[in-house]
K.L.:
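Below is the structure I would like to discuss, written out as structure tokens.
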Amino acid sequence: MLMRREVRAALEAMLFAAGRPLTVEELAQAVDMAAPDVRALLDELVLEYNEKGSGLLVAASGQGYLMCTSPEYAPYVKKILGPGEKRLSQAALETLAVVAYRQPVTRAEIEAVRGVRVDRTLASLLARGLVAEVGRKEVPGRPALYGTTVEFLRVFGMTSLDELPPADKED
Amino acid sequence: MLMRREVRAALEAMLFAAGRPLTVEELAQAVDMAAPDVRALLDELVLEYNEKGSGLLVAASGQGYLMCTSPEYAPYVKKILGPGEKRLSQAALETLAVVAYRQPVTRAEIEAVRGVRVDRTLASLLARGLVAEVGRKEVPGRPALYGTTVEFLRVFGMTSLDELPPADKED
Amino acid sequence: MRYQVRLQAFEGPMDLLLHLIDQNQVDIYDIPIALITEQYLDYLEAAPDEDIANLADFLVMAATLLHIKARMLFPRRPPRDAAVTAAEREEDPRAELVQRLLEYQAVKAAARRLEALEQGAALRVYYRECSELPESPDWPLRASVQELCRAFRSVWRRRQEARPGEDVVPRGDVDVAAKMNELVLMVGEHPRGMPFSAVFATAATRREALAFFLALLELIRAGRVRAVQQHLRGEIRVSLVRRNIPC
């Protein structure tokens, strides 16, 4: 049986290494503890990282718990990582925006908003792992429903979809 | 001008996100501070992470400073990253091949052959113990020379480097 | 008026419509449909041949615009103003189009914000860049010698295709220490100084030239060689530093 301090450290190590949000269940299974106990420890970590003014952050989101850098140090991280990956095209960004704000959404629904066919753009977003099929719509033809992925969160630097900038405000 | 606490946090964030050893010079440039001051802060971080029994570690090596998981929590990390054998990525395999056939070889020489930066790949091969620093090249700057390890022989099922198939024959 | 702007410059018919509304500085809630339709059709007519494949989406919107225009010719209500209720606005033939335009405008704004996040222009968090290999040595790795050998050959082939003719890192590599000795002998033969450029004339490859250069720097640093430039942009001459040789 691990000591409490050790479990916390194990959780830290796992969150660090994964590079993606981990669910309480995954983590609980790994440390062989009950999920509620693990959740309590995780929430402690969230608070602690937040309070000590570290450059890192443990964030709880719908997808699970995630370790990432604090937003206030983003400019420094950007300097080290260099310029971002290749830019998404305008068509890809618009399609992605519709998926992000309307998910789950069918292809026909995206096309209705953008006023153009999106089959190729959607295929490339699926291939890049920014969008995934998340189900089928229960209407005749049962069209695929699309949603954003964890990779989407990673590329746009969010810990959860709640951080999507509000859609109705003009800028 | 950043406060001392902020510089530390910025260093943490950069080390976290980079996933490879960062040199004092790189970090100093990013936070716009003198290298010796940054080195002192980094050494503080090394001590602190070590003392507080975190699941993470800041380690100084010949290549610079690296943030990684504490070795004692490796079994948990392994559980989370998924069971089963891992295949080497093409990038890792190619870098390893250049080291194996051209050893001892400097990083710049590997990069000249592969035509891409290899610092991250090389760092992960070093961390995994497939490659090690075997000396310094006696040219200005004395860059590190790399060679393969006993672990490399074990993974590839060889008893000695003489068993490497000749590379100049076409297959 | 003809517009020689390619349709491809627009992300679709909605984008073109927003552009026209913007250009004419008209209220999106009160679109002068006849004017906008006319300008829209002008764009389509002026479309170069390459844009034809792209035209279908634009034609659907053209039909919608013409339909709205036809319905507008038979006004059933007085001109709209802010006091008109939502139910009444529903009956405006333009209402659905306005709704779609507003929605599309929001999508464009959202796309811009996503772009800023992607480029790191806005504050964002960074996930860890995972190393490709698990660090623990007890992690089983699957790899074969054949695979390794193939990888090396493919790297080598790519390299030679990329830079034919140029010498790739030779096995023994060029030895800077040896070059230092060579340089001392060469420079010694020029009592009045050896032209800098001549130092490199004997180098067969770029790497060898680099080795010469590094050797030269080392010699200068060690005080065994002096490099002198008589005037600005003049030739640099390299000469040995004579020491009192004890007999």
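Everything quoted here is computed from the prediction, not taken from an experiment. Chain A is the first sequence line, chain B the second, and so forth, proteins listed ahead of strands; every chain is numbered from 1.
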K.L.:
Mind checking what makes salt bridge (Lys or Arg N to Asp or Glu O under 4.0 Å) contact with A/R39, not counting sequence neighbours?
P.N.:
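With neighbours one apart ignored, the set is empty.
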
K.L.:
Step by step, would you call C/Y126 with A/R154 a side chain to side chain contact (heavy atoms under 4.5 Å, CB included)?
P.N.:
CA-CA 7 Å; C/Y126 287 89; A/R154 193 184 70 75; over 6 Å; no

K.L.:
Please check: side-chain N/O of A/T69 versus main-chain N/O of C/V125, any donor-acceptor pairing under 3.5 Å?
P.N.:
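No; judged by distance alone, with no hydrogens or angles, the pair does not exist.
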
K.L.:
Can you give me the closest heavy-atom contact between C/Y127 and A/T159, atom names plus distance?
P.N.:
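Shortest heavy-atom contact: OH-CA, 4.0 Å.
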
K.L.:
Going by heavy atoms in the side chains, are A/V98 and C/Y104 under 4.5 Å from each other?
P.N.:
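A side-chain contact under 4.5 Å is absent here.
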
K.L.:
Looking at A/S70, A/P75, A/A74, A/A59, which makes the most heavy-atom pairs under 4.5 Å with chain C?
P.N.:
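If we count pairs closer than 4.5 Å to chain C, A/A74 comes out on top.
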
K.L.:
Within a 6.0 Å radius of atom NZ on C/K69, are there more than 12 heavy atoms belonging to other residues, nucleotides or ligands?
P.N.:
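Not more than 12 within 6.0 Å, no.
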
K.L.:
Can you tell whether the side chains of C/E103 and A/R102 come within less than 4.0 Å, N to carboxylate O?
P.N.:
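Yes.
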
K.L.:
Which heavy atom in C/A111 sits nearest to a heavy atom in A/A97, and how many Å separate them?
P.N.:
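In this case the closest contact between C/A111 and A/A97 is N-CB, 3.9 Å.
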
K.L.:
Roughly how far, to the nearest 0.5 Å, is the OH atom of A/Y101 from the CG atom of C/L114?
P.N.:
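Interatomic distance, C/L114 CG to A/Y101 OH, rounded to 0.5 Å: 6.0 Å.
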
K.L.:
Less than 6.0 angstrom from the centroid, inside 45 degrees of the normal: does C/R128 satisfy that with respect to the ring of A/F16?
P.N.:
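Yes, a cation-pi geometry.
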
K.L.:
Check the pair A/L88, C/E115 against side chain to side chain contact (heavy atoms under 4.5 Å, CB included), reporting the backbone distance first and the verdict last.
P.N.:
CA-CA 8 Å; A/L88 289 161; C/E115 192 178 22; over 6 Å; no

K.L.:
Heavy-atom distance under 4.5 Å between the side chains of C/E11 and A/R114, does that happen here?
P.N.:
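Yes, side chains in contact.
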
K.L.:
Among A/E94, A/E111, A/M158, who wins on heavy-atom pairs under 4.5 Å with chain C?
P.N.:
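Option with the top pair count is A/E94.
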
K.L.:
For A/Q103, does the CD atom have more than 12 heavy-atom neighbours from other residues, nucleotides or ligands under 6.0 Å away?
P.N.:
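Result for CD/A/Q103: enclosed.
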
K.L.:
Rounded at 0.5 Å granularity, tell me how far CD in A/Q90 sits from NZ in C/K108.
P.N.:
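Those atoms lie 6.5 Å apart.
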
K.L.:
Is the count of non-hydrogen atoms from other residues, nucleotides or ligands lying under 6.0 Å from A/E133 atom CD greater than 12?
P.N.:
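Check passes, neighbour count above 12.
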
K.L.:
Looking only at heavy atoms, which of residues 115-124 of chain A get nearer than 4.5 Å to chain C?
P.N.:
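Hits under 4.5 Å: A/G115, A/V116, A/R117.
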
K.L.:
Which region of A/L66, side chain (C-beta onward) or backbone (N, CA, C, O), has a non-hydrogen atom less than 4.5 Å from a non-hydrogen atom of chain C, or is it both or neither?
P.N.:
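For A/L66, the side chain is the part near chain C, not the backbone.
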
K.L.:
Less than 4.5 Å to any heavy atom of chain C: does that hold for the side chain of A/A112, its backbone, both, or neither?
P.N.:
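A/A112 touches chain C through backbone heavy atoms alone.
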
